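Note that the structure is predicted; figures quoted are calculated from it, not measured. For reference, positions follow the sequence shown, starting with 1. Whatever order the structure lists ligands and atoms in, that order sets their numbers, starting from 1.
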Amino acid sequence: MNSPLPLAGGEEPRSGEGVGLNLNESHPPPAPLPQAVGGDLALYVHWPFCVSKCPYCDFNSHVRAEIDQQAWQEALLADLAHEAQLLPGRKLTSIFFGGGTPSLMSPSTVEALIASATSLWQSAQDIEITLEANPNSVEAERFADLAAAGVNRLSLGIQSFDDEALRFLGRAHSAAEGFRALEIAQASFPRVSFDLIYALPGETEERWEATLGRALSLGTTHLSLYQLTIEPGTRFATMVSRRDFETLDADEAAALYELTDTLTSSAGLPAYEISNHARPGHESRHNLTYWRYGDYAGIGPGAHGRRLGMRTVRHRKPENFLSALARNGHGIAEEAALSPTEAADEALVMGLRLAKGIDVEPVLRRFGVPIVDWSRVDRLVGSGHLTRDATRIRTTREGRLLLDSILGEIAAVEPTLAVAS
Ligand code: SF4
């Protein structure tokens, strides 16, 4: 995955492996919770390999000297078939290939997975099929094949237009390769988005304004703009503890966030989620499924899913995933029913990330438990951090900078899902 934001994909790296429900034992199935999104379904496919490990990255990504593409194709197809058998009759609205670096997948595997998913489920006419790619020249050479395989949206991990910043971020591509890959992508796919990482050490408002101005001039209708965050266990975390570099302070980072909001809004690509910007109608439909708390199947190492009131987690380590598949016919490490309170809590955490906020009423109807404490919501409306109408709550720009603490403040129960901003 290209972004430093762990909650954006079907991969949530916080869970341990091999704990929870043992799927080889027989247990009575938990009662399913009611579904919010009719028969719609999104599919997340995790490809766990990268050519090298970026020092800020805490995603489930692994470097291996050799990858048996055929074995992985078979494994992912089998994992997909397992999910499809548990989710009959659904309409597939999106597929998202994330990672890792899914542009390193053989295009024939991508094609086989798309063909299988769209035959196992009914495919929406306007199905969105996104693949994350890194912009080095070898990967860009595959774009035409990936488009022919059925991918209709590319999300490119450009991260910076500056070679020095790219070296600092440990990226395996240059700024020139980034621009070239973007050109090839725009010629190959109907929809293209790219990621940038900002709030790097020493980054000034002037410098970020110039970078963002350039990004907005490149003609894509979607941008993902992430602030650098230092995640525990990464090489950057060690470097910060050794004082090899200093991150921006909270005020400097907030000023850059506000500048981002202003510039993208005036260019017609306002934030529709904390870090995601699009022209109206060009939002990522796949990610909207997460934020609206719809069902999604997650396959591949470390992938998370939410289906029929259950949370599912696959084995993270590629070798463990393959042996689980050989043993059980699927790669699931944990599967557990969410209580109505947990599910309502997750819906709040996800929904408040959206610029449109969350309508609390349908969540209350769906799960039958209170989701927010209205007196606390009103207090935060008074302080300028939230706005609300009858049942919909939104964060203001100031509120978005304090999302974690706002969630802790307004939830009717203590939130259990961490949020990165
Ligand atoms: S390319 Fe870098 S940031 Fe993306 S998943 Fe691989 S190691 Fe992580």
Side-chain angles (χ1 to χ4, degrees), residues 1-15 44-67 72 76 96-105 110 130-143 146 154-163 165-175 177-178 181-182 185 192-200 223-240 247 275-276 284 286-287 298-304 314-318 321 420:
M1 188 173 283
N2 302 314
S3 85
L5 182 73
L7 204 61
E11 186 231 346
E12 296 160 69
R14 292 185 175 84
S15 292
Y44 176 77
V45 182
H46 191 81
W47 180 258
F49 303 111
C50 290
V51 289
S52 54
K53 184 78 178 175
C54 303
Y56 57 84
C57 174
D58 74 341
F59 291 119
N60 187 32
S61 67
H62 305 263
V63 178
R64 295 287 184 270
E66 287 196 15
I67 297 160
W72 277 95
L76 291 171
F96 194 103
F97 293 91
T101 306
S103 44
L104 297 174
M105 287 171 94
V110 174
T130 303
L131 184 135
E132 289 182 331
N134 280 334
N136 63 52
S137 40
V138 178
E139 291 174 51
E141 275 172 22
R142 297 177 175 205
F143 289 173
L146 290 166
L154 197 82
S155 173
L156 200 54
I158 287 187
Q159 315 309 6
S160 175
F161 300 140
D162 179 76
D163 282 331
L166 288 168
R167 273 192 296 278
F168 170 73
L169 291 168
R171 302 292 297 177
H173 62 90
S174 65
E177 280 180 302
L182 183 62
V192 177
S193 172
F194 66 89
D195 296 3
L196 292 177
I197 300 177
Y198 69 106
L200 301 184
L223 283 175
S224 297
L225 306 170
Y226 300 106
Q227 291 206 341
L228 178 68
T229 53
I230 306 298
E231 303 297 340
T234 59
R235 189 139 45 91
F236 269 2
T238 310
M239 291 171 79
V240 167
T247 53
S275 307
N276 285 280
S284 160
H286 182 84
N287 285 342
I299 64 161
H304 282 223
R314 258 67 182 169
H315 286 275
R316 284 171 66 76
K317 196 173 166 199
F321 174 84

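Minimum interatomic distance between F97 and P102 (heavy atoms only, all atoms of both residues): O-CG, 3.2 Å. Looking at every heavy atom in both residues, G99 comes nearest to E132 through N-OE1, 3.3 Å.
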I'd like to know whether F168 forms a ring-ring contact (aromatic ring centres under 6.0 Å, His included) with F236, so could you lay out the CA-CA distance, the side-chain angles of the two residues, the decisive distance to 0.1 Å, and finally the verdict. CA-CA 10 Å; F168 170 73; F236 269 2; 4.8 Å; yes
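Ligand-side atoms of ligand 1 in range of C50: 1 (S), 5 (S), 6 (Fe), 7 (S), range being under 4.0 angstrom from any heavy atom. In the vicinity of S52, heavy-atom distances shorter than 4.0 Å reach the ligand 1 atoms 7 (S). Each of the atoms 5 (S), 7 (S), 8 (Fe) of ligand 1 lies under 4.0 Å from some heavy atom of S61. Counting atoms of ligand 1 from 1 in the listed order, those under 4.0 Å from a heavy atom of Y56 are 3 (S). Ligand 1 places these atoms under 4.0 Å from at least one heavy atom of R171: 1 (S), 2 (Fe), 3 (S). For ligand 1, the atoms closer than 4.0 angstrom to any heavy atom of N134 are 1 (S).
Two residues are said to be in side-chain contact when any heavy atoms from C-beta on lie closer than 4.5 Å; C54 and R171 meet this criterion. Counting heavy atoms from C-beta on, the side chains of N134 and L104 never come closer than 4.5 Å.
Results of the side chain to side chain contact (heavy atoms under 4.5 Å, CB included) test with Y56 over T229, I230, L228 single out L228 as the only residue that passes.
Contact annotation for C54 and ligand 1: heavy atoms of both the backbone and the side chain come within less than 4.0 Å of the ligand.
Among the atoms of C57, an N, O or S atom falls under 2.8 Å of atom 8 (Fe) of ligand 1.
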